[in-house]
Amino acid sequence: MAFNLSCACVIIGCIFASSVKTSNISDVYPPLWKESPGQFSDYKIENGKYIINFWSYPDRLGTYKILLNKTAKYFAKFSPENEQNILWGLPVHHGWQYHTGRLADPTQSTDCGRKSGDHLCISVDSWWADLNYYLSAMPFLAAVDSGIMGISPDNVTFLPPSKDQMNFCYNVSHCHSSFPEAMKKWNEFYQSHSSSFDDLLESLWAAHVSSLDVARKNFQNRLKYYSKQEADFARSWALFVDYLAPPRFPTTLIRTYEFQKELPRRMLVSGDKVPFISDFSGFQNTVLFALNLLHKVHKYTGTLSLILWKALMKSTVARKLFLEILEFILHSFN
Ligand SMILES: *[C@@H]1O[C@H](CO)[C@@H](O)[C@H](O)[C@H]1NC(C)=O
Ligand SMILES: *[C@@H]1O[C@H](CO)[C@@H](O)[C@H](O)[C@H]1NC(C)=O
Ligand SMILES: *[C@@H]1O[C@H](CO)[C@@H](O)[C@H](O)[C@H]1NC(C)=O
Ligand SMILES: *[C@@H]1O[C@H](CO)[C@@H](O)[C@H](O)[C@H]1NC(C)=O
């Protein structure tokens, strides 16, 4: 059954890949992918350590680029060109955060992240950027720790942000002591690299949810900087990710790209009335409406809906069915 599922995933992946090849595969990469650092030597070195500034978009994106490059060998058996690497979901989503203005300073007190200002800057006040820190720094450092990056764990360190330094970690040992559970899960993911595609997805999602759980708790206070519409969407989105984990949504390059085309292409403002936002497509409005509805159902049932959903998704057949329905819906609208 597990074999059938990975087969199905690969076949669906091929369908997606061929539908995009007709346009241009480089369009699916995150913005500035080509220009960002692609190896450790592209970063500054001080006292024998690589210094990475996670508050600069190209620097943060570059860590994903190295990660994708170093893990490519584990996914080569599933498809050529690393397309089926399930770590693609992270940089592709981060690219969406960047080009929709979600990494900018939401308090508007600086020009960090503004198109007209310091446009490569990532703001520590951005809820999206802070959550993503736990989904970039941790997977990266755990990979260093697991030995797959080819450098010693003591040889890399990150620059702290301008405030709330206690909420972040900056090197392998520091992240392990600050966020032991999430780091352990990321390490387990890298150690499972010889498993089946389905098992890889399971351990990736376990690590993802673990990072997200701590991040959500630590950065709730950021949501006050946003319009009610954007804050609702942010909460609903983070919750939706909890629902994407049990069916083990395959976060490969083209599938993630197709999926997030349906997410809001700019920050939501107080005048926006879901699902009647005029500069969004009908489908984008529907997706937004559905996400908010899920949040309401989840709250109304006191999280019972998630418990039931997890139980249902223990069945391989149910998982496969759900993913096929999701693909079908996405395809009919694309
Ligand atoms: C795809 O896009 C890239 C950059 O936008 C461009 O350099 C390349 O020539 C394009 N390839 C095709 C086949 O259109
Ligand atoms: C990394 O660490 C080793 C010792 O563990 C050291 O010899 C080396 O110079 C360090 N720096 C770089 C950039 O490799
Ligand atoms: C990884 O990066 C190296 C150096 O930039 C490059 O030669 C190699 O082709 C890349 N591998 C993959 C699978 O992208
Ligand atoms: C890691 O970071 C912590 C906290 O900033 C620091 O105390 C420690 O010396 C660092 N360890 C290494 C190996 O750089």
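Residue numbers count from 1 along this sequence.
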How would you list all residue pairs meeting ring pair (Phe, Tyr, Trp, His ring centres under 6.0 Å) that involve residues 285-305, not counting sequence neighbours?
-> Tyr243-His298
Same hydrophobic cluster for Ile325 and Leu244, using side-chain heavy-atom links shorter than 4.5 Å among ILVMFWY?
-> yes
Under 3.5 Å, is there a donor-acceptor pair linking the side chains of Asp105 and Thr107?
-> yes
Given the side-chain rings of Trp205 and Trp186, with only the six-membered ring counted for Trp, is the space between their centroids under 6.0 Å?
-> no
Quick one: side-chain contact (heavy atoms from CB on, under 4.5 Å) partners of Glu181, sequence neighbours excluded?
-> Lys184, Lys185, Ser210
With the threshold set at 4.0 Å, does a side-chain nitrogen-carboxylate oxygen contact exist between Arg216 and Asp242?
-> yes
Verify salt bridge (Lys or Arg N to Asp or Glu O under 4.0 Å) between Asp59 and Lys44, making sure each step is shown before the conclusion.
-> CA-CA 11 Å; Asp59 262 32; Lys44 241 190 352 206; over 6 Å; no
What about the rings of His93 and Trp237, do their centers lie closer together than 6.0 Å?
-> yes
Run the numbers on Arg222 and Asp164 for salt bridge (Lys or Arg N to Asp or Glu O under 4.0 Å), then give the verdict.
-> CA-CA 12 Å; Arg222 303 291 199 253; Asp164 294 340; 3.0 Å; yes
How far apart are the C-alpha atoms of Thr256 and Thr251, what are their side-chain angles, what is the distance that settles it, and do they pass the side-chain hydrogen bond (donor to acceptor under 3.5 Å, both in side chains) test?
-> CA-CA 5 Å; Thr256 308; Thr251 44; 5.2 Å; no
Answer yes if Val209 and Leu200 sit in the same cluster of Ile, Leu, Val, Met, Phe, Trp and Tyr residues linked by side chain heavy atoms under 4.5 Å apart, and no otherwise.
-> no
Before accepting this row, confirm whether a basic side-chain N of the pair Glu258/Arg255 lies closer than 4.0 Å to the acidic partner's carboxylate O.
-> no
Test ring-ring contact (aromatic ring centres under 6.0 Å, His included) applied to Phe249 and Phe259, step by step = CA-CA 11 Å; Phe249 179 80; Phe259 185 65; 5.1 Å; yes
Any donor-acceptor pair under 3.5 Å linking the side chain of Gln84 with the backbone of Phe197?
-> no
Scan side-chain atoms only and decide if Asp130 and Asn167 contain a donor-acceptor pair under the 3.5 Å cut-off.
-> no
Residues two or more places apart in sequence or in another chain: which of them pass side-chain contact (heavy atoms from CB on, under 4.5 Å) with Asn69?
-> none
Please walk me through it: do Asp232 and Lys228 pass salt bridge (Lys or Arg N to Asp or Glu O under 4.0 Å)?
-> CA-CA 6 Å; Asp232 283 349; Lys228 179 177 182 303; 2.6 Å; yes
Kindly indicate whether a cation-pi arrangement holds for Arg102 with Trp128, taking the cut-offs as under 6.0 Å to the six-membered ring centre and within 45° of the axis.
-> yes
Salt-bridge contact Arg114-Asp111 (side-chain N to carboxylate O under 4.0 Å) = no
Donor-acceptor contact present, side-chain Glu230 to main-chain Leu268, <3.5 Å = yes
If you measure only the distance, is there a donor-acceptor pair under 3.5 Å linking the side chains of Ser173 and Asn171?
-> yes
Treating Ile, Leu, Val, Met, Phe, Trp and Tyr as nodes and any side-chain heavy-atom pair under 4.5 angstrom as an edge, say whether Phe322 and Leu308 lie in one connected cluster.
-> no
Checking salt bridge (Lys or Arg N to Asp or Glu O under 4.0 Å) against Glu202, which of Lys314, Arg319, Arg248 comes through?
-> Arg248
Are Ile122 and Tyr98 close enough, and set up right, to give a side chain to side chain contact (heavy atoms under 4.5 Å, CB included), and what steps lead you there?
-> CA-CA 9 Å; Ile122 296 181; Tyr98 171 74; over 6 Å; no
Run the salt-bridge test on Arg265 and Asp279 with the 4.0 Å N-O cut-off and return the result as yes or no.
-> no
Apply side-chain hydrogen bond (donor to acceptor under 3.5 Å, both in side chains) to Arg60 and Asn53, showing your working.
-> CA-CA 7 Å; Arg60 195 184 286 201; Asn53 179 7; over 6 Å; no
Kindly check if the number of other-residue, nucleotide or ligand heavy atoms within 6.0 Å of NZ (Lys273) is above 12?
-> no
May I ask you to check whether His94 and Tyr57 place their ring centers less than 6.0 Å from one another?
-> yes
